[in-house]
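Below you'll find the structure, written out as structure tokens, and then a few comments.
Worth knowing before you read on, the calculation uses all heavy atoms, side chains too, and leaves out hydrogens, waters and symmetry mates.
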Amino acid sequence: MDLKLFNTMGRELQTFKPVQPNKVGIYACGPTVYNNAHVGNLRTFIMVDILRRVMELAGYEVKLVMNITDVGHLSSDADDGEDKMEASAREKKMTVWDIAEYYTKAFFDDTSSLNIIKPSVTCKATDHIDSMINLVKRLEEKGFTYEAGGNVYFDISKFPDYGKLAKLNLDDLQAGSRIVVDKYKKNPHDFVLWFTQSKYENHAMLWDSPWGKGYPGWHIECSAMSMEYLGDTFDIHCGGIDLIPVHHTNEIAQSEAATGVKWVNYWVHGEFLVTPKGKMSKSTGDFMTIKGLIEQGFDPLDYRYFCLTGHYSSQLQFSLDAMESAQNARKSLMQKIQTMREKTGGFPQGFNGDLSAHYNSFVENAMNNLNMPRCLGDMWNLIRDDSISDEEKLYTIKKMDAVFGLSLDKEPVKLDLDGEIQKLVDDRTTARKNKDWARADEIRDKLLDMGIVLEDTPQGVRWKKK
RNA sequence: GGCGCCGUACCCAAGUGGUAAGGGAGAGGUCUGCAAAACCUUUAUGCACCGGUUCGAAUCCGGUCGGCGCCUCCA
């Protein structure tokens, strides 16, 4: 079956054709590690994770490369503002290097709590400065650059297709409508490849280069590292939708100018997580983190489930109500699975015969531009279908979960009831046998206060944490 | 000013020409000593509004209203 993806380049649904048979190379723009990621950032990484899992479902061997932006990026324009990482470091009295490491770890803690599979290659920008310098040199040799005011700029007038991805119409853009244009630029859309001039003093991250001591421009790391690990032309580049007009546009220009060949075949962009006030962002203070969700009583996987209920290419409305709805749905899902595995003795190792139409529909929907909301619907329809045995359901669910990544086969946490609680449960069972309902209900209420919920099933009493 | 997206039930959300997936919440019921859980049933003659194209439109076209994003680093 063909896998179809919406390619931002061309803005249409296209059948995926790999550069190399049965293999797929994916580059994902990773985090800038100067702060905790918020759940909006994380939505994009869940999307990338779904993409790689669907690729695996389709039988491809996946090589996923993700960068860690640990070189400080400016908080505003080139001639203004300070390094985000330095600002953060000063606040926390740590060196920039410490803080990068700290937030890199925090990022991977978040992603692993969301069941996001680690990329095949994770590359730090600061480990690849030489590659970036070499790339800038190549651009310089080919005449795509100029030096001004101490910095090396990319000259977009030398690259005819500039802005194609974003469908930019350079004449109509109000350059500088919100910021002051760098006076050294020949064209407002030219961008810096290498900085030696920085407005702020004592920049902590500096490297020697042919143009002087300095640091790389914002976009060069992704071009340098993606080509280093995936080759001059690779299959898929993904990231958030906000990266289209500037970051990815500039990456394409510098990459293709350097190699002279097409750089990326498919561009996949994830839409924003939004709140009633607009997009979730750190700068407005209107954001939520994984830690925050946990404090609100959610499991990170509730958030993953929530993300799967919306299509990656559409904005998704974040709210605590929506989170609660996802939490309830996931709880109920786990409960149904638990009931089935208790009845059948667990997930079967294999299954003889063809799987139901629900599974076929699931695969079709996954292959159709990663339509997870539909896939989730397929799973619910499967669970509800009386004509299918519990064994087949469990087997199918496990296969589906390879894409969902919801740990649906996870054993529920067995509570170690301490002696006192166990005694209460036993007392209640005795009371019920003697039809002493008042006593039984009294014990049930007491346990509820202790956070233990009881369920009476034909197989006996079952308990779980509230 | 330019580019782009969106408006589907109480809430979240699929569906982009063939007669409205799924989940949550609510309601009714079965079961149960009662609860809980589970299971069943139920909730949009209509998809912002007004026109048009079509045998047929939530889906295509034009317009109106409303919301949002980008043009600055941003997932």
Measure from NE2 on A:H38 to C1' on B:A75 and round the result to the nearest Å.
7 Å
For the pair A:F287 and A:H38, name the ring-plane relationship: parallel under 30°, tilted 30 to 60°, perpendicular over 60°.
tilted
Between A:H189 and A:Y162, how do the two ring planes meet: parallel, tilted or perpendicular, split at 30° and 60°?
tilted
Verify ring-ring contact (aromatic ring centres under 6.0 Å, His included) between A:Y215 and A:W194, making sure each step is shown before the conclusion.
CA-CA 6 Å; A:Y215 54 97; A:W194 188 267; 7.4 Å; no
Taking the six-membered ring for Trp, are the ring centroids of A:Y229 and A:H128 within less than 6.0 Å of each other?
yes
From CG of A:L273 over to P of B:G69, roughly how many Å is that when rounded to an integer?
13 Å
Taking the P atom of each, how far is B:G17 from B:C71, in whole Å?
32 Å
Treating primed atoms plus P, OP1 and OP2 as sugar-phosphate and everything else as base, which nucleotides of nucleotides 10-18 of chain B get B, S or - for protein heavy atoms under 4.0 Å?
--SSBS---
Evaluate the ring planes of A:F362 and A:F404, with Trp represented by its six-membered ring, and classify them as parallel (under 30°), tilted (30 to 60°) or perpendicular (over 60°).
perpendicular
Output yes if the stacking criterion (under 5.5 Å between centres, under 30° between planes) is met for A:W380 over the base of B:G22, else no.
no
What's the gap between B:C6 and B:U16 when it is taken at their C1' atoms, as a whole Å value?
14 Å
If we call it a pair only when both distances are under 3.5 Å in a Watson-Crick or G-U wobble match, what pairs with B:A9?
none
Span that lies between the C1' atom of B:C61 and that of B:C73, in whole angstrom:
39 Å
Rounded to whole angstrom, note down the C1' distance from B:G46 over to B:U19.
11 Å
Considering Watson-Crick and G-U wobble pairs with both distances under 3.5 Å, what does B:A35 pair with?
none
Starting from the 5' end of RNA chain B, give me the residue, A:V274 or A:A166, whose nearest nucleotide shows up first.
A:A166
When we call it a touch if two heavy atoms are under 4.0 Å apart, what does A:F45 touch: a base, just sugar-phosphate, or nothing?
nothing
Taking atom P in both B:G67 and B:C55, what distance in whole Å separates the two?
38 Å
Using 30° and 60° as the class limits, which term best fits the ring planes of A:F154 and A:F159: parallel, tilted or perpendicular?
perpendicular
Among B:G69, B:G33, B:C74, which nucleotide has an atom closest to any side-chain atom of A:F272?
B:G69
How far does the C1' atom of B:A58 sit from the matching atom of B:G7, given to the nearest Å?
11 Å
Does B:U64 have a Watson-Crick or wobble mate here (both distances under 3.5 Å), and if so which one?
B:A48
Kindly say whether A:C222 contributes a backbone atom to a donor-acceptor pair with the side chain of A:N67 at under 3.5 angstrom?
no
Could you check whether the rings of A:F191 and A:H219 sit parallel, tilted or perpendicular, using 30° and 60° as the cut-offs?
perpendicular
Can a side chain N or O of A:N328 be found less than 4.0 Å away from OP1 or OP2 on B:A25?
yes
Should the side chain of A:K279 and the base of B:C68 be counted as holding a donor-acceptor pair, with the cut-off at 3.5 Å?
no
Does the plane of the ring in A:F306 sit parallel, tilted or perpendicular to the ring in A:Y303? Use 30° and 60° as the thresholds.
tilted
Taking the C1' atom in each of B:A21 and B:U8, what is the distance between them to the nearest angstrom?
12 Å
Generate the contact string for nucleotides 34-40 of chain B. Rules: B means base contact, S means sugar-phosphate contact only, - means no protein heavy atom under 4.0 Å.
BBBSSSS
